[in-house]
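Only a predicted model underlies this, so the values are computations on that prediction, with no experimental measurement involved. Hydrogens, waters and symmetry mates are skipped; everything else that's a heavy atom, side chains included, is used. Order of the sequence lines sets the chain letters (A, B, ...), proteins ahead of strands, with each chain counted from 1.
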Protein chains: 2
Amino acid sequence: MESNTKPIAHNHISVDCVVIGFDGTQLQVLLIKRNTQELHDMKLPGSLIYQDEDLDEAAHRTLDTLAGVQIDNLSQFKTYGSHNRTKNSLDTHWLQQAWHQHIERIVTIAYFSTVRQLPRISSQFEATWVPLNNIQELAFDHNTIILDALEHMRMLAITTPSLLFNMLPRKFTILQLRTLFSLVQNRELDVRNFHKKLKQMPYVVSTEEYQKSVSHRAARYYRFDRKIYNKVYGVRAMK
Amino acid sequence: MESNTKPIAHNHISVDCVVIGFDGTQLQVLLIKRNTQELHDMKLPGSLIYQDEDLDEAAHRTLDTLAGVQIDNLSQFKTYGSHNRTKNSLDTHWLQQAWHQHIERIVTIAYFSTVRQLPRISSQFEATWVPLNNIQELAFDHNTIILDALEHMRMLAITTPSLLFNMLPRKFTILQLRTLFSLVQNRELDVRNFHKKLKQMPYVVSTEEYQKSVSHRAARYYRFDRKIYNKVYGVRAMK
DNA sequence: GCAAAAGTGTTGGGCATACACCCATGA
DNA sequence: TCATGGGTGTATGCCCAACACTTTTGC
């Protein structure tokens, strides 16, 4: 039986959200500016959880209140609970200011989501998009969390390709699609082989629209057909 | 900035461990008997975490103190934090008895590990091995956690095949190996194709030993060569 | 005309699948 | 002699990777 005498930890629990968007050229991540007298850096959107709030709810609330974005495909991917992840004195000081209480360890459940393109963030928020290859040192262990999230994304893209199509505009060119695949898989993709692969995706359908006013041959626009996709992948992957 | 006025949750944090072993025929999971006046069921080995204890440490401690097993490849795979996962009155009553305090929500980080064969559990513990296809209704949401763990195991076996070899005796027959693969992948495997696949695994090396006193042609014993494996898979997968 | 991206087929190798028969051993 | 599992080869289709040239458009 699990009785014991050692002090049980009454730790705080938070959620942190890694939201990734694609601007047509690069992947970008949503970050929050942390501006105090001592601090001028950034962090992932996150929050302690409230009583009687489920983890998923907390993650949604966090993104809504810190950046004004509503997300429908948030899912947790890893939990960080090392008791020295909140040992940096700048971080602990900031925590006290923000939450008006002394906070020791925080166990945080990291959430991941993608968004279509880069939703505009109202200037009332301290949130901003930052290109992935342009991220400075972040608060806590948030750099690590982002790296883990990208690895998670690679896996997710294999099992659930719709993830990637949901990051593109409704009408997209094959170059955009290939750039996105290439970024996520982190490797070069052969142009012709990519076209072949597309032909095997019945849910990528061509439109009759073409680019306009580009200084080269205009590319055809394609779209993602969710109905066909769901038939192919079954109901299990409705997102 | 993330200040707020709502009540912050001071929830409890626990770890629960899904440990899977292979007896040569079936997969089995390590469970703890829960015997009180009202309760005669089982649960996963788990514990609230102590102050200044890392999550991974807590998981190791839990298995050590509840079952006397030391594990070297424990890793978290999912966190469960719904605030009604501890709403069953039998469960809450049991929690009070075990921990001598009123405990509301518990956020639990679920850990997964495999072990070689089925380590014997000393009778001083309330722990026991239970075949996977023989599991009754467990405490809390532990049935769900086990199902998720098995799915996790399937994935892990793809990226890290050593996982499976570390579940077998040092010397094993191909039938044992195939049975294990088949259980984990949850499908039938063709005998001849399986032999072919083995030939492509340089780290499975044949010995000159054969079964004895079996009422059929004696099978050759094979062993797993970790050095060769590490050369093939690189240093990243030393487990 | 030139820069820049669009678009288009063929080939070879590797990997997974399907499938059937003889061998060795103990009871 | 029978029951039980051990052990072996071939043929097919699919997927992936490698690889180069012509087309369209704006400047």
Side-chain angles (χ1 to χ4, degrees), chain A residues 22-26 154-155 157-159 161 164 168-169 171-223 232-233, chain B residues 22-26 154-155 157-161 164 168-169 171-224 232-233:
Chain A
F22 178 61
D23 65 7
T25 307
Q26 304 180 83
R154 266 184 269 285
M155 297 298 178
I158 294 171
T159 57
L164 300 179
L168 291 164
K171 313 262 167 156
F172 51 87
T173 66
I174 296 189
L175 176 59
Q176 287 177 315
L177 184 59
R178 184 162 51 87
T179 304
L180 179 57
F181 270 68
S182 176
L183 285 170
V184 171
Q185 294 180 27
N186 198 27
R187 61 175 187 135
E188 292 297 303
L189 294 175
D190 179 87
V191 182
R192 275 176 290 185
N193 292 336
F194 193 74
H195 276 262
K196 253 184 305 179
K197 190 179 283 184
L198 275 193
K199 289 203 189 97
Q200 291 172 307
M201 301 181 184
Y203 45 84
V204 178
V205 304
S206 59
T207 72
E208 293 308 315
E209 291 180 57
Y210 291 82
Q211 287 179 317
K212 283 173 187 152
S213 314
V214 286
S215 72
H216 54 77
R217 180 170 167 183
R220 186 190 278 267
Y221 283 113
Y222 288 75
R223 64 182 182 82
V232 175
Y233 276 88
Chain B
F22 177 61
D23 65 7
T25 308
Q26 303 181 84
R154 265 185 271 283
M155 297 299 179
I158 295 171
T159 58
T160 315
L164 300 179
L168 291 165
K171 313 262 167 156
F172 51 86
T173 66
I174 296 190
L175 176 59
Q176 286 175 318
L177 184 59
R178 182 162 52 86
T179 304
L180 179 57
F181 270 68
S182 174
L183 285 170
V184 171
Q185 295 180 28
N186 199 26
R187 62 175 184 136
E188 292 297 304
L189 295 176
D190 180 85
V191 182
R192 275 176 291 187
N193 293 335
F194 192 73
H195 276 260
K196 252 182 308 178
K197 188 179 285 185
L198 275 194
K199 290 203 188 98
Q200 292 172 305
M201 301 182 186
Y203 44 85
V204 178
V205 303
S206 59
T207 72
E208 292 308 314
E209 290 179 58
Y210 291 83
Q211 288 179 317
K212 283 173 186 152
S213 313
V214 287
S215 72
H216 52 76
R217 178 171 167 183
R220 184 191 280 267
Y221 283 113
Y222 289 76
R223 65 182 181 82
F224 175 66
V232 175
Y233 276 88

Integer-rounded Å distance: C:dA5 P and A:Leu177 CG: 18 Å
Distance, nearest 0.5 Å, that separates NZ of A:Lys197 from CZ of A:Arg178: 12.0 Å
A:His216 vs B:Tyr222, nearer the 5' end of DNA chain D by closest nucleotide: B:Tyr222
side-chain contact (heavy atoms from CB on, under 4.5 Å) evaluation trace for A:Phe22 with A:Leu164: CA-CA 9 Å; A:Phe22 178 61; A:Leu164 300 179; over 6 Å; no
Closest heavy-atom pair and its distance - A:Tyr233, A:Pro161: OH-CG, 3.0 Å
Under 4.0 angstrom between B:Arg220 side-chain N/O and D:dG5 OP1 or OP2: no
Closest approach of B:Leu189 to B:Gln185 (non-hydrogen atoms, all atoms of both residues): CD2-OE1, 4.0 Å
Closest to side chain of A:Arg192, choosing from C:dT17, C:dG9, C:dA6: C:dG9
Whole angstrom value for the distance that separates P of D:dC19 from CG of A:Leu189: 16 Å
Distance, nearest 0.5 Å, that separates OH of B:Tyr221 from OG1 of B:Thr173: 7.0 Å
Contact list for DNA chain C against residues 196-205 of chain B - heavy-atom distance below 4.0 Å: B:Lys196, B:Gln200
A:Arg217 side-chain N/O to C:dT8 phosphate OP1/OP2 under 4.0 Å: no
Whole-Å distance separating the NE2 atom of B:His195 from the P atom of C:dC21: 18 Å
Presence of donor-acceptor pair under 3.5 Å, side chain of A:Asp190 and base of D:dC19: yes
Minimum-distance nucleotide to B:Val191 side chain [options: D:dT8, C:dG7, D:dT25]: D:dT8
Spacing between B:Glu188 atom CD and C:dA18 atom C1', to the nearest angstrom: 14 Å
Under 3.5 Å: donor-acceptor pair, side chain of B:Gln176, backbone of B:Gly24: no
Between D:dG7 (P) and B:Gln211 (CD): distance, integer Å: 8 Å
No-H, no-angle donor-acceptor pair, A:Asn193 side chain to D:dA18 base, under 3.5 Å: yes
Between P of C:dG7 and CZ of A:Arg178, the distance in whole Å: 11 Å
Residue whose nearest DNA chain C nucleotide is more 5′ - A:Leu175 or A:Ser215: A:Ser215
For atom OH of B:Tyr210 and atom P of C:dG26, their distance in whole Å: 15 Å
Any donor-acceptor N/O pair, A:Ser182 side chain to A:Arg187 backbone, under 3.5 Å: yes
Spacing between B:Gln176 atom CD and D:dG5 atom C1', to the nearest angstrom: 13 Å
